[in-house]
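Before any comments, here is the structure.
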Amino acid sequence: MALIDKDIYKAKSLLETGEVIGIPTETVYGLAGNAFNVQAVTKIFQTKNRPTFDPLIVHSSSLTKIAQFVQAIPPLAQKLATHFWPGPLTLLLQKKSNIPDLVTSGLETVAVRIPSHPLILDLLELLEFPLAAPSANPFGYISPTQAEHVQAQLGDKIPYILDGGPSHVGIESTIIGFEDITPIVYRLGGLSIEAIESVIGPVTLMPHSSSNPQAPGMLKSHYAPRKPLVLDSVDQVLKQYAPEKIGYMGFSDFRKDLPEKNQLVLSHTRNYAEAAQKLFAVMRTLDTYPHLEVIVAELLPEEDLGRAINDRIRRAAAQ
Ligand code: AMP
Ligand code: MG
């Protein structure tokens, strides 16, 4: 089992020897290694059982440091960085050769982010290298939002998990790339499209369900629990399963036609940020209820973080 603690100096010394460790971020927990070190990056892919065509996000603490490994930060990227970094936004920028091809799955762009979690920011400031870090879950399973989630799934494969408490945002970062100078959203995430458009105007959304390696991470089935998660109406599911076997993940309200103990809601006050924060933990909890055979999920309104939450719910249902 991994040691769980809050010691950034311990984390630093492990990372400097090429180890990979669990780290907290405000989006989800990451599985981090030295982004300049091919052995460390290889270890990340192996530990997660992640296919090497799915590239990693590189985390850094400042634009000055980022300039060491990207060709340029175009004006629009600069504007987004100024508004939203540190925070749940990832930018795709042209990489320099010091970023190994393995990190980007051979793509010319590298995904870069300055996270806002204070513990990881402090650690990044101490380090001489950026951290490549995908979410700290086995490939395809629900992303971790607490140190204990990382321990449960990868604890026997890594020496250390830096504990920063529950992730405040709760879903992965929003990813934006540029085609010439047109901004394109590659993945919906913890920063809403509305917030982004208020700064740079209209953006284009990539269709999110293809498994085209040109747009890695767009794999349809992702973030999935072990039990089937379905988007069918409860009435439909009741034709196939007894009520006691059906779990329910709702936005704000319990249903009268299912046992209350089988139900969890994301936000009683219909607050999107709270719903995002709880999403993966709630999925995980329902997945562990032994008496349930299926989980019915309710979609949220398609606005604000509701869109990113729905994206995750649909992927979880897409097995
Ligand atoms: P994770 O950190 O597990 O959420 O995974 C990182 C995700 O970032 C990948 O699955 C891709 O969706 C995305 N990504 C990373 N680098 C690139 C890139 N160069 N181009 C497009 N998407 C990328
Ligand atoms: Mg992931």
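Since this is a predicted model, take the numbers as computed values, not measurements. Each ligand, and each atom within it, is numbered from 1 in the order the structure gives. For reference, positions follow the sequence shown, starting with 1. Quick note: numbers below take in every heavy atom, side chains included, and nothing from hydrogens, waters or symmetry partners.
Selection from Gly106, Ala111, Ser105, Ser143 by nearest heavy atom to atom 16 (N) of ligand 1 gives Ala111. In the candidate list Leu107, Leu31, Thr90, Leu107 is nearest to atom 20 (N) of ligand 1, counting heavy atoms. The heavy atom nearest to atom 7 (C) of ligand 1, out of those in Arg187, Glu108, Lys95, Arg113, is found in Arg187.
At a cut-off of 2.8 Å, Asn137 does not coordinate the Mg ion (ligand 2) through any N, O or S atom.
Atom numbering of ligand 1 starts at 1 in the shown order; those under 4.0 Å from a heavy atom of Pro55 are 6 (C), 7 (C), 9 (C), 14 (N), 15 (C), 16 (N), 17 (C), 23 (C). Near Ser135, meaning under 4.0 Å from any of its heavy atoms, are these atoms of ligand 1: 1 (P), 2 (O), 3 (O). Every atom of ligand 1 is numbered from 1 in the order shown, and the set under 4.0 Å from a heavy atom of Asp54 is 9 (C), 10 (O), 11 (C).
Tyr141 carries Arg226 over the face of its six-membered ring, with the cationic atom under 6.0 Å from the centre and within 45° of the normal.
Of the possible polar contacts, one joining the Asn37 side chain to the Gln39 backbone as a donor-acceptor pair under 3.5 Å is found. Here the side chain of Tyr160 pairs no donor or acceptor atom with the backbone of Glu19 at under 3.5 angstrom.
Residue pairs meeting the salt bridge (Lys or Arg N to Asp or Glu O under 4.0 Å) criterion with at least one member in residues 112-138, sequence neighbours excluded, are Glu26-Arg113.
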> Run the side-chain hydrogen bond (donor to acceptor under 3.5 Å, both in side chains) check on Asp235 and Ser233 step by step: do they pass?
Replying inline: CA-CA 5 Å; Asp235 290 344; Ser233 71; 5.1 Å; no

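For the side chain to side chain contact (heavy atoms under 4.5 Å, CB included) with Tyr29, the qualifying choice from Ile23, Asp163, Ile120 is Asp163, the only one to do so.
When non-hydrogen atoms are compared, ligand 1 lies under 4.0 Å from the backbone of Thr109 as well as from its side chain.
The shortest N or O to N or O distance between Arg50 and ligand 1 is below 3.5 Å.
Partners of Phe251 by ring-ring contact (aromatic ring centres under 6.0 Å, His included), not counting sequence neighbours, listed by chain and number: Tyr272.
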